[in-house]
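Here's the structure we're looking at; comments come further down.
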Amino acid sequence: MADTSTTKKVVKPAKYSVIKQYICENIESGEWPQNAKVPSENELTQQFDVSRMTARRALQELTEQGILVRSQGAGTFVATFKSQSSLLEIRNISDEISERGHSHHAKQLLLKSIAVTEELAILLNLKNNEHVYYSEILHCENKHPIQLEQRYVNASLVPEYLLQDFTEITPHEYLSSVAPLTEATHEIEAVLASSVVCEQLEIDKQTPCLQVKRRTWSKQGVVSVAILTAPGDKYRLGSHLKF
């Protein structure tokens with residue numbers, strides 16, 4: 001009788017991914033602490049039997065993710081252990097955490113409809129008697145609180161917002177699918193968070209926090225206003241620009 005079973009083809013990971021995993025494992029294990037120098041492009045080329053371009057790509061991608069810091073003429077080093085988010089690019093926080101090789105977990109603290117205030121009416125371009133949707137999500141990285149997301153959403157543009165489970169999908173990811181982003185503004189400042197927020201983030205009241213106020217638009221109008229608060233000693237904003 002003929003064997004009709006099929007054999008699944010094993011797909012090997014790209015060589016630059018293998019190098020990235022090797023570097024991340026050494027950092028995670030503590031073998032390479034923060035500010036430690038990592039192997040050069042030439043050393044990685046010889047160690048993994050790859051082209052210099054492949055080694056460069058691995059180092060560059062880890063640099064763009066905030067895991068490494070490259071200094072021309074000095075080498076490449078392990079970055080300080082703070083989570084990094086892009087300042088100029090709006091990204092899904094769960095994707096950022098996954099790219100660092102960590103796990104994302106979200107706690108849905110609040111999800112409700114609220115009466116619009118005068119300030120919100122201006123920011124969301126609404127009438128004073130309208131309601132808006134409000135969500136409060138605590139994002140965790142490896143089970144540790146990393147960011148509190150307080151978001152006000154234009155109910156007329158996103159009518160099913162309150163029906164979502166934001167432990168399964170982030171507000172950013174959902175809004176991007178139903179009201180694609182066309183424009184955004186940011187306000188960034190250092191703050192001392194309220195007692196309630198400090199308790200949620202599991203930090204001392206005197207811990208400085210980084211707070212980003214973000215207003216986003218779709219083609220139909222202003223979609224949401226988000227206040228993102230993160231402990232200053234665990235989070236930073238950064239970007240990599242090419243000209």
Side-chain angles (χ1 to χ4, degrees), residues 8-106 139-144 146-147 169-170 172-173 176-177 180-186 188 210 212 214 216 228 230-243:
K8 291 185 178 180
K9 184 179 180 180
V10 178
V11 180
K12 293 183 178 180
K15 290 184 177 181
Y16 76 90
S17 295
V18 174
I19 298 175
K20 288 175 64 176
Q21 183 178 0
Y22 164 75
I23 294 172
C24 289
E25 286 176 352
N26 276 280
I27 295 173
E28 290 288 337
S29 69
E31 184 71 20
W32 296 347
Q34 58 184 351
N35 300 321
K37 191 173 184 179
V38 305
S40 65
E41 290 180 8
N42 286 337
E43 290 170 330
L44 291 172
T45 296
Q46 295 175 10
Q47 181 176 346
F48 290 91
D49 191 24
V50 297
S51 68
R52 187 165 180 175
M53 184 179 297
T54 298
R56 182 182 299 121
R57 177 176 178 179
L59 293 175
Q60 187 62 48
E61 289 193 3
L62 289 176
T63 300
E64 292 175 0
Q65 292 169 21
I67 296 172
L68 300 178
V69 175
R70 306 193 75 180
S71 177
Q72 188 171 2
T76 305
F77 303 85
V78 178
T80 54
F81 296 155
K82 293 184 180 182
S83 302
Q84 176 167 308
S85 177
S86 174
L87 173 61
L88 302 179
E89 179 184 8
I90 297 178
R91 302 187 60 208
N92 187 15
I93 188 170
S94 66
D95 292 339
E96 294 180 359
I97 291 174
S98 295
E99 288 178 3
R100 293 193 285 271
H102 297 168
S103 61
H104 170 262
H105 171 69
H139 296 284
C140 300
E141 182 169 356
N142 288 350
K143 298 183 180 180
H144 299 292
I146 192 70
Q147 183 189 88
I169 184 173
T170 65
H172 169 76
E173 188 177 0
S176 295
S177 67
L181 177 69
T182 59
E183 184 181 349
T185 60
H186 295 85
I188 304 167
L210 186 67
V212 178
R214 179 180 294 158
T216 57
L228 313 173
D233 61 344
K234 297 180 182 177
Y235 202 75
R236 68 184 174 205
L237 288 167
S239 63
H240 178 80
L241 301 178
K242 294 182 180 180
F243 297 95

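- Closest heavy-atom contact between Ala58 and Tyr16: CB-O, 3.6 Å.
- For the side-chain contact (heavy atoms from CB on, under 4.5 Å) criterion with Glu41, the lone passing option out of Thr54, Leu59, Thr76 is Leu59.
- In this structure, Leu228 CG and His172 NE2 are separated by 11.0 Å, a value rounded to the nearest 0.5 Å.
- In this structure, Glu61 CD and Arg56 CZ are separated by 13.0 Å, a value rounded to the nearest 0.5 Å.
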Exercise for the section: I would like to know whether Val38 and Leu62 meet side chain to side chain contact (heavy atoms under 4.5 Å, CB included); could you show each step before the answer? Expected result: CA-CA 12 Å; Val38 305; Leu62 289 176; over 6 Å; no
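- Residues Thr216 and Ala184 come closest through the heavy atom pair CG2-CB, 4.1 Å.
- What you find for Cys140 and Ile97 is that their closest heavy atoms are O-CD1, 3.9 Å.
- In this structure, Ile146 and Ala230 approach most closely via the heavy-atom pair O-CB, 3.2 Å.
- Between the Asn142 side chain and the Ser103 main chain, a donor and an acceptor come within less than 3.5 Å of each other.
- Residues Glu25 and Gln21 have side chains that bring a donor and an acceptor to within less than 3.5 angstrom of each other.
- Annotation: the span from Cys24 atom SG to Ile19 atom CD1 amounts to 12.0 Å, rounded to 0.5 Å.
- Of the residues Gln147, His105, Arg100, His104, the one that meets the side-chain hydrogen bond (donor to acceptor under 3.5 Å, both in side chains) test with Glu141 is Arg100.
- Rounded to the nearest 0.5 angstrom, Ile188 CD1 and Leu210 CG are separated by 7.0 Å.
- Between the CG atom of Leu68 and the CD1 atom of Ile27 there is a distance of 5.0 Å, given to the nearest 0.5 Å.
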Practice task
Check step by step if side chain to side chain contact (heavy atoms under 4.5 Å, CB included) holds for Trp32 and Lys37.
Solution key: CA-CA 8 Å; Trp32 296 347; Lys37 191 173 184 179; over 6 Å; no
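- In this structure, Asn26 CG and Ile23 CD1 are separated by 8.5 Å, a value rounded to the nearest 0.5 Å.
- In this structure, the side chains of Phe77 and Gln34 stay at 4.5 Å or more apart for every pair of heavy atoms.
- Annotation for Ala55 and Val50: closest pair N-CG2, 4.4 Å, computed over non-hydrogen atoms.
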Exercise for the section: Could you walk me through whether Glu99 and Ile67 pass side chain to side chain contact (heavy atoms under 4.5 Å, CB included), step by step? Expected result: CA-CA 10 Å; Glu99 288 178 3; Ile67 296 172; over 6 Å; no
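- Of the N and O atoms on the side chains of Ser40 and Asn42, not one donor lies less than 3.5 Å from an acceptor on the other residue.
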